[in-house]
Every structure is written in C-alpha cells, then in structure tokens.
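As structure tokens, the structure follows; a few thoughts come after it.
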Amino acid sequence: MALTSANSTRPCAMYLRCYPQDIWQMQTHQQALRDFAAHLGLPEPALYLDNGVSSHGDAPQRDILTEAVARGFFRYVLVPGPWVFHLDPRRARRIAQNIVTAGGQILELPAQRDYLKADALSYEQLPATGRHLRAAVR
C-alpha cells in the first residue's frame, strides 16, 4: 500500500523519545516504524531519538528534526503515538502542530489490529490513528 510513487523516494524520518534512558534505544519501536514505512512504500526512515529525555525538558533531536522538516529534508515523520512528543495530550498536539506547520505530515503507527487489516484497505480508509495526526492538530 504505497502512498505515491513520487513520495516513496523522498526521505522520511521517525521520532522516538524515552525516559528514563533505554539501553536498547527503543529497538522494538524502531523496527515497527521501519516495517510501517516499508508497508507504505516509503524508504527506511532516518532516526531521531531523544533517549533519556523527559517530556518536560528540552528535546534536542526533536528540535533538529523539526528544523530538517522546515528545510524540506523530510515530508513524513513516523511516530508510534503522540506520547513521544509529550505525555500531556494538549502539549503533544502543540508540538505535533509545530512539525505540521514546518511542512511535515505525521504518520502514527496504527494499532496492530488496524495494521493487519491495512492490506485490504487503501491508505485513505485507514483509521485516523493509522493515517496521521494532521487533522487532530488543527
């Protein structure tokens, strides 16, 4: 289920944040996002990881990613859920909106049951959690 052939050659990124620090660097989440990108026909995403960074503090890798989106390096940012931006849903939406305003589209990893059904659906038919957060942050 490819997004479009034009977009499949443009680099995409994944963003992860973990607190406290994860010595395995969220490998399970990384692999799930890589698989999701491949399923969508996107190239392997570049990793931006704020490991050991609380949602209440600065997130240097997230800031670098937002700048890269603003400069046109990435269109799609894959995340496992909005919690990677902040544990407070309102603050997570504001942070996600910064990425959208910069020109990015956030693709949230769908729930496993939705992901398994995705082969039979077009991208536009995926549940909102499997499409993106763009509408949710407006």
For P43 and A37, the nearest pair of non-hydrogen atoms, with its separation, is O-CB, 3.9 Å
Side-chain contact, heavy-atom cut-off 4.5 Å: F36 with P110? yes
Requested in this report: Could you tell me whether the side chain of L16 reaches within less than 4.5 Å of the side chain of L33, counting heavy atoms only?
Outcome: yes
Nearest heavy-atom contact between G103 and V69 is C-CG1, 3.8 Å
Excluding V53, membership of its hydrophobic cluster (Ile, Leu, Val, Met, Phe, Trp, Tyr; side-chain heavy atoms within less than 4.5 Å) reads none
Residue set satisfying side chain to side chain contact (heavy atoms under 4.5 Å, CB included) with Q21, at least two apart, ordered chain then number -> N51
The complete set of ring pair (Phe, Tyr, Trp, His ring centres under 6.0 Å) pairs with one or both residues in residues 49-69, sequence neighbours excluded, reads H56-H86
Hits for side chain to side chain contact (heavy atoms under 4.5 Å, CB included) against I64, two or more places apart or cross-chain, chain-then-number order -> Y48, Q61
D58 side chain vs P60 backbone, donor-acceptor pair below 3.5 Å = no
Rounded to the nearest 0.5 angstrom, the CD-CD distance for Q31 and Q27 is 8.0 Å
So the salt bridge (charged side-chain N to carboxylate O under 4.0 Å, His left out) pairs with at least one residue in residues 62-72 (sequence neighbours excluded) are E67-R71
- prompt: Are any non-hydrogen side-chain atoms of P82 and E108 less than 4.5 angstrom apart?
  reply: yes
What I want to check is whether the side chains of Y19 and D50 have a donor and an acceptor closer together than 3.5 Å.
no
Applying side chain to side chain donor-acceptor pair (under 3.5 Å) to E44 and not counting sequence neighbours gives R34
TODO: Quick one: do V79 and F85 satisfy side-chain contact (heavy atoms from CB on, under 4.5 Å)? Show the steps, please.
DONE: CA-CA 9 Å; V79 297; F85 299 122; 3.7 Å; yes
Rounded to the nearest 0.5 Å, the CE atom of M14 sits from the CG atom of L78 at a distance of 7.5 Å
Going through the checks in order, is the side-chain contact (heavy atoms from CB on, under 4.5 Å) test met by L42 and L107? CA-CA 11 Å; L42 296 171; L107 302 177; 4.0 Å; yes
